[in-house]
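Have a look at the structure below before the remarks.
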Number of protein chains: 2
Amino acid sequence: MPLSTTEENYLKAIFSINGANDNRATNQLIAEKLGVNPASVTDMLRKLDEKRLIDYNRADGAKLTKEGFKQAVKTVRKHRLWETFLVNNMNFTWDEVHEVAEQLEHIQSDKLTDELDKFLGYPKFDPHGDPIPDANGKLAVVKSKPLPEAGVARKLKVVSVTDNSTAFLKYLDKQGIALNDSLVIKEVVDFDKSLLVELKGRKEVFLSKEAAGKILVD
Amino acid sequence: MPLSTTEENYLKAIFSINGANDNRATNQLIAEKLGVNPASVTDMLRKLDEKRLIDYNRADGAKLTKEGFKQAVKTVRKHRLWETFLVNNMNFTWDEVHEVAEQLEHIQSDKLTDELDKFLGYPKFDPHGDPIPDANGKLAVVKSKPLPEAGVARKLKVVSVTDNSTAFLKYLDKQGIALNDSLVIKEVVDFDKSLLVELKGRKEVFLSKEAAGKILVD
DNA sequence: AAATATAATTAGGTAAGCCTAAGTATTATT
DNA sequence: AATAATACTTAGGCTTACCTAATTATATTT
Ligand SMILES: [Mn+2]
Ligand SMILES: [Mn+2]
Ligand SMILES: [Mn+2]
Ligand SMILES: [Mn+2]
């Protein structure tokens, strides 16, 4: 039986919380990410556990099973392919795509997904620098770290952003920061950890610790 | 407030039953078209009436209001644009698109709809020969009639089909009948009203009354 | 260890959209 | 006009996915 839109969203949320380091997906983090009440999360996690899409218990939180992982990756694949399509072919900007992709990711047609992938030329990354899983679920592992954790005076490259909100992405646009831009941290302001950054060897901009933390570099 | 997927489907069903001649959309016809129970239809028609998207009463059935009509046309526009996209760009055949378009038609983004329209080159007709409403809701009126109502020995053109099921469309493929093909009725078999038809001035095929009735010609 | 804060669960509800079975209108037939 | 057939509505329920408020379990402080 196909998963409901809601089930897919829960699996995707758990997937993104687990992340690369298998972080514990707690009831509360999931509730926050999906904008629902923790009590509702309890219900759904039980249901997903019963369907063997996750393993759930109070101590370890929710962990995707093999099948749950497969389903989550499939939804992520669709999300990122559609975002790429919207930017590449529908004249959307990177701050406009997320909401629509949240809808498009639930379209059920393997043929469409794979044809879209082909049409786009099998892209490896989406407009936010996130890797796109291929038809077998394989996705590129990119080594990167939040900007504040990178060293001063080293030449860095913007690899991706961890906040896809319009507000944040428009802010980056305004600062003149885009994917693949090169930058160098010139100075870390001591009392608030904000960064003075040189962009593409020219412009210098200040970034708050909060904003910088959402920019992944390599 | 945006309409639910279900509400959109009801409006679309009423739209297609009303058709060009304003046929009465009865409880039963709607139930049949949507594959639900007539009792469920009663509930929903009440709700749509309260929302002023239709006028409903037992005698006249359901009739779209101005607003309901606008919404229905919008959904139809999306459905037909997506079908065109699937055939033109995603290597779908005309018998494969309907199901997927049933999902895609509910994606809410005017920008996407209009960009898609532009991307496709503002197509006037979908893969089944149905007219695609433009951004203002205007749609081409095509004069056509069911093949059995056309005269014998007149040169006709296939304009559209009224059954979008895979089964029927594959049958047409097999018979070698496609949109815009020219044909001539050579003979009407008296006892079962089946037709002997000459295709593109060459091949001759037999069509049952039932099949022919689903082919619109001009 | 006790007290307090935080996290998760339970209990009881709601709304949308569907169902079946039974009842009431309406229309068609005799 | 009476009867039968067809169409529609009502009544009562179900499932999914939510909610709030109250309770219980687990961590964290003191
Ligand atoms: Mn996104
Ligand atoms: Mn993205
Ligand atoms: Mn269709
Ligand atoms: Mn069509």
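Note on naming: letters A, B, ... go to the chains in the order of the sequence lines (proteins, then strands), and numbering restarts at 1 for each one.
One interatomic measurement links the two molecules: CG of B:Asp60 to P of D:dA7, which rounds to 17 Å at whole-angstrom precision. One atom, CG of B:Asn57, and another, C1' of D:dA7, lie 14 Å apart when rounded to the nearest Å. Distance CG (A:Asp43) to P (D:dT20): 14 Å, rounded to an integer number of Å. Distance A:Glu8 CD to D:dA17 P: 11 Å, rounded to the nearest Å. For the pair B:Arg24 CZ and D:dT6 P, the computed distance is 16 Å after rounding to whole Å.
Between A:His98 and A:His79 the shortest side-chain heavy-atom distance falls below 4.5 Å. For the pair A:Lys209/A:Ser194, no side-chain contact is recorded, criterion being any heavy-atom separation below 4.5 Å from C-beta on. You'll find the side chain of A:Leu156 stays beyond 4.5 Å of the side chain of A:Asp218, heavy atoms only.
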In B/S/- notation (B base, S sugar-phosphate only, - none; protein heavy atoms under 4.0 Å), nucleotides 22-29 of chain D written 5' to 3' is ---S----
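The residue B:Thr6 sits close only to the backbone: its heavy atoms come under 4.0 Å of sugar-phosphate atoms, none of a base.
In terms of the side chain to side chain contact (heavy atoms under 4.5 Å, CB included) criterion, residue partners of B:Ile132 (sequence neighbours excluded) are, by chain and number, B:Arg80, B:Leu81, B:Thr84, B:Pro123, B:Asp126. In this structure, the side chain to side chain contact (heavy atoms under 4.5 Å, CB included) partners of A:Asn23, at least two apart in sequence or on a different chain, are A:Asn21. Partners of A:Phe125 by ring-ring contact (aromatic ring centres under 6.0 Å, His included), not counting sequence neighbours: none found.
Between B:Tyr10 and the phosphate of C:dC18, there is a side-chain N or O to OP1/OP2 separation shorter than 4.0 Å. Distances shorter than 4.0 Å separate some side-chain N or O of A:Ser40 from OP1 or OP2 on D:dC19. OP1 or OP2 of C:dG17 has at least one side-chain nitrogen or oxygen of B:Lys47 nearer than 4.0 Å. Between B:Arg46 and D:dT10 there is a side-chain polar atom (N or O) within less than 4.0 angstrom of OP1 or OP2.
Side-chain atoms of B:Glu67 and B:Gln71 form a donor-acceptor pair, as typed in the model, at a separation below 3.5 Å.
Note: A:Phe15 and A:Tyr10 fail the aromatic proximity criterion, with ring centroids not under 6.0 Å apart.
Ring orientation note: the planes of B:His128 and B:Trp94 are close to parallel, at an angle under 30° on the 30°/60° scale.
Taking only side-chain atoms of B:Ser4, from C-beta outward, the nucleotide of C:dT9, D:dC8, C:dG17 with the closest atom is C:dG17. Here the side chain of B:Met44 is nearest to one of C:dT9, C:dG17, D:dC8, namely C:dG17.
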Could you give me the CA-CA distance, side-chain angles and deciding distance for A:Leu45 and A:Ile30, then say whether side chain to side chain contact (heavy atoms under 4.5 Å, CB included) is met?
-> CA-CA 10 Å; A:Leu45 293 186; A:Ile30 296 167; 4.0 Å; yes
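Within residues 27-38 of chain B, the residues approaching DNA chain D are B:Asn27, B:Gln28, B:Pro38, by heavy-atom distance under 4.0 Å.
Within a 6.0 Å radius of NZ in B:Lys12, other residues, nucleotides and ligands contribute more than 12 heavy atoms.
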Parsed dot-bracket for DNA chain C after applying the Watson-Crick and G-U rules with both distances under 3.5 Å and | for other-strand partners is ||||||||||||||||||||||||||||||
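Judged by the 6.0 Å distance and 45° axis criteria, B:Lys63 is not positioned over the aromatic ring of B:Tyr56.
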